[in-house]
Amino acid sequence: MRIRWFKLLSLMVGLAVSAMFYGHYYTSLVTSNRSLHPGTGPHSIFKGSNDSQHTIRTDHERKSDKKTAMTLMKSIADLKLHADSVCHTSLRLRVQNDFYFRNLFNFDIPVLMWDSYITEDTRKNLSQRPVPYGWKDLPLEDVTSTLQLLNDSANQKLFDWRPPKGCVRCAVVGNGGILNGSRKGKEIDDHHYVFRLNGAVIKGFEEDVGTKTSFYGFTVNTMKNSLIAYYEYGFTETPKGQGLRYIFIPSDLRDYVMLRSSILGVPVPSGTDKEDKPSEYYGPEATAKKFKLLHPDFLLYTMESFLKSDILKTEYANLYMPSTGGLMLLTALHSCDQVDAYGFITSHYSQFSDHYFERTKKPLEFYANHDMMLEMHLWSKLHKKGIMTLYQR
């Protein structure tokens, strides 16, 4: 890849230099001819030492040569700027070079959902699939009225501000007990973007988990349960900040309803969260630009390609979906050039508490709606293939 860029740049430089010498040669030729043949005009013909005829360049032609050279030089500058913004060690290249994972990853699947997807085909397809993979049995008015509010360009891409040049480095921070005493806080904060989720306790654990938050991911259910279950550990409110973005996972109708109320800045009008004030969760200055919604097609793709669990063959099939942490990690893997995962389940999970902020050790709890062992094997395999880095102890 680097060699190809170098060859292309060399070619462009050669063309530009040739154009400049070309213009300079004819400029010198005209000057020399005028000194040898006073009074000759720009269109005169003169005999050279070999009796061949040469047409003297006009001022217009010389300007054209100069313009060509300047255009080529600008192209070189633009090419260099583009080259600087390309990551030559992106995980996508490693995926393409891996026989197993290149058949699983599909970077063309849309990660986010916004208003442009309100089409008849989308309605038809998603209406046949249950949440979180579709809209079956959901009031379409609630869904479409929410999507119509996601009409800003910021809703279409994860990094809605100008991303850094070169490789985009992301840290995805889970809440696993492995982070307690890790002293990975500074390393985490050194990434361009930091993803956190659910009960992301920071105060008192800065040295282990850092302080920076770029994205906070959740379902309304996991967010509210975290505020209740981990309140005693310091998770008294969701992360807030001017540059922070919220990633909604549409696991149920309440996610669409909460998102709509959040954008409009009004209390939730109905359902489980009726009369909730979204500003308490996302701040009073929240606008449509601060919110992202994972696409149901992306959720289906991540489940079928990476996390198709045997739970789907049991009586709990309708409850199953990848964990919030798993979805945030897969979101990063489809958006960033380099991904480092912290606080995720590893083969030594029994040595650590369920969460890093617990004062006494509690064993990891397994629930029927997630397949944590399947996720553990996936993270381990991605780590071994060098597609991401998994923090282990």
Side-chain angles (χ1 to χ4, degrees), residues 91-92 94-95 98-113 125-126 129-134 136 158 170 172-176 178 195-198 215 217-219 221-222 247-252 255 292-336 339-349 354 364-392:
L91 65 86
R92 295 193 180 204
R94 294 193 289 277
V95 167
D98 185 88
F99 177 78
Y100 177 76
F101 278 111
R102 73 170 175 238
N103 294 316
L104 297 185
F105 274 86
N106 182 355
F107 294 104
D108 293 328
I109 295 288
V111 174
L112 302 177
M113 184 82 173
N125 291 333
L126 295 183
R129 306 199 303 249
V131 289
Y133 314 114
K136 187 177 181 180
L158 203 62
C170 299
V172 186
V173 186
N175 302 321
I178 192 172
F195 294 70
R196 299 186 192 273
L197 53 117
N198 295 342
F215 298 98
F218 57 93
T219 69
N221 184 59
T222 61
I247 302 178
F248 273 76
I249 301 171
S251 68
D252 203 349
D255 297 290
K292 318 287 183 182
L293 178 67
L294 291 188
H295 199 300
D297 283 351
F298 180 72
L299 300 181
L300 180 64
Y301 151 71
T302 55
M303 185 273 288
E304 291 191 331
S305 291
F306 300 98
L307 296 169
K308 197 165 188 177
S309 172
D310 287 339
I311 295 175
L312 293 168
K313 302 174 183 177
T314 71
E315 59 186 306
Y316 304 107
N318 63 324
L319 299 176
Y320 174 74
M321 66 180 290
S323 70
T324 305
L327 288 172
M328 287 301 99
L329 188 44
L330 286 165
T331 296
L333 285 166
H334 285 76
S335 307
C336 310
V339 175
D340 299 314
Y342 303 84
F344 282 79
I345 185 172
T346 70
S347 58
H348 304 297
Y349 68 88
D354 193 352
L364 176 62
E365 294 186 48
F366 294 89
Y367 298 96
N369 61 329
H370 302 314
D371 191 335
M372 300 308 297
M373 299 305 290
L374 181 60
E375 294 192 12
M376 180 188 75
H377 291 302
L378 175 62
W379 312 145
S380 177
K381 187 173 293 187
L382 286 165
H383 173 79
K384 289 177 180 177
K385 295 286 188 175
I387 295 172
M388 74 172 200
T389 301
L390 175 67
Y391 172 65
Q392 302 178 78

Any chance you could lay out the side chain to side chain contact (heavy atoms under 4.5 Å, CB included) test for Val95 and Phe107, step after step, and finish with the verdict? CA-CA 10 Å; Val95 167; Phe107 294 104; 4.1 Å; yes
May I have the step-by-step check of side chain to side chain contact (heavy atoms under 4.5 Å, CB included) for Met328 and Val172, ending in yes or no? CA-CA 7 Å; Met328 287 301 99; Val172 186; 4.2 Å; yes
Met113 vs Leu294, side chain to side chain contact (heavy atoms under 4.5 Å, CB included): CA-CA, chis, key distance, verdict: CA-CA 6 Å; Met113 184 82 173; Leu294 291 188; over 6 Å; no
Under the criterion side chain to side chain contact (heavy atoms under 4.5 Å, CB included), I'd like the reasoning laid out for Leu112 against Phe248: C-alpha separation, chi angles, the key distance, then a yes or no. CA-CA 10 Å; Leu112 302 177; Phe248 273 76; over 6 Å; no
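A pairwise comparison of heavy atoms in Tyr349 and Ile345 identifies CB-CG1, 3.9 Å as the closest pair. Taking all atoms of both residues into account, the shortest heavy-atom contact from Gln392 to Thr346 is CG-CG2, 4.0 Å. Taking each heavy atom of Tyr320 and Leu312 in turn, the nearest pair found is CD2-CD2, 3.7 Å. Across Val111 and Ser335, no two heavy atoms sit closer than the pair CG2-OG, 4.4 Å. Across every non-hydrogen atom of Leu390 and Trp379, the tightest pair is CD2-CB, 4.0 Å. When all heavy atoms of Phe344 and Gly326 are compared, the closest pair comes out as CE2-N, 4.2 Å.
Distance check: Leu197 CG to Phe215 CZ gives 13.5 Å after rounding to the nearest 0.5 Å. For the atom pair CG of Leu300 and CD1 of Ile109, the computed distance is 8.5 Å after rounding to the nearest 0.5 Å. Note that CG of Leu327 is 10.0 Å distant from OG1 of Thr219, once rounded to the nearest 0.5 Å. Here the straight-line distance linking atom CD1 of Ile249 with atom NZ of Lys292 works out to 15.0 Å at 0.5 Å rounding. Here the CG atom belonging to Leu319 is positioned 11.5 Å from the OG atom belonging to Ser251, to the nearest 0.5 angstrom. Residue His383 holds its NE2 atom at 13.0 Å from CG of Leu378, rounded to the nearest 0.5 Å.
Proximity of Met321 to Asn369: side-chain heavy atoms (C-beta onward) are nowhere separated by under 4.5 Å. Looking at heavy atoms from C-beta onward, Asp297 lies in side-chain contact with Leu126 at the 4.5 angstrom threshold. At a threshold of 4.5 Å between non-hydrogen side-chain atoms, the residues Phe298 and Pro132 do not count as touching.
No side-chain donor-acceptor contact under 3.5 Å links Asp340 to the backbone of Tyr391. At distances below 3.5 Å, not a single donor-acceptor pair connects side-chain atoms of Glu365 with backbone N or O atoms of Asp354. Distance alone, capped at 3.5 Å, is enough to place a donor-acceptor pair between the Arg92 side chain and the His334 backbone. Distance alone, capped at 3.5 Å, places no donor-acceptor pair between the Ser380 side chain and the Met376 backbone. Between the side chain of Thr222 and the backbone N or O of Phe218, no donor-acceptor pair lies under 3.5 Å. Remark: the backbone N or O of Met372 is not paired with any side-chain donor or acceptor of His370 at under 3.5 angstrom. In this structure a side-chain-to-backbone donor-acceptor pair under 3.5 Å is present from Asp255 to Asp252.
Considering only residues two or more places apart in sequence or on other chains, Tyr316 meets the ring pair (Phe, Tyr, Trp, His ring centres under 6.0 Å) condition with none of them. Taking Arg94 as the reference, nothing meets the side-chain hydrogen bond (donor to acceptor under 3.5 Å, both in side chains) condition, with sequence neighbours excluded.
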Tell me which donor-acceptor pairs under 3.5 Å the side chains of residues 303-310 have, and how far apart each pair is, sequence neighbours excluded?
from, atom 1, to, atom 2, distance (Å)
Ser305, OG, Tyr301, O, 3.3
Ser309, OG, Ile311, N, 3.0
Ser309, OG, Asp371, OD2, 2.6

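Checking each of Ile387, Thr389, Leu382 against Leu91 for a side-chain contact (heavy atoms from CB on, under 4.5 Å) leaves exactly one that passes, namely Ile387.
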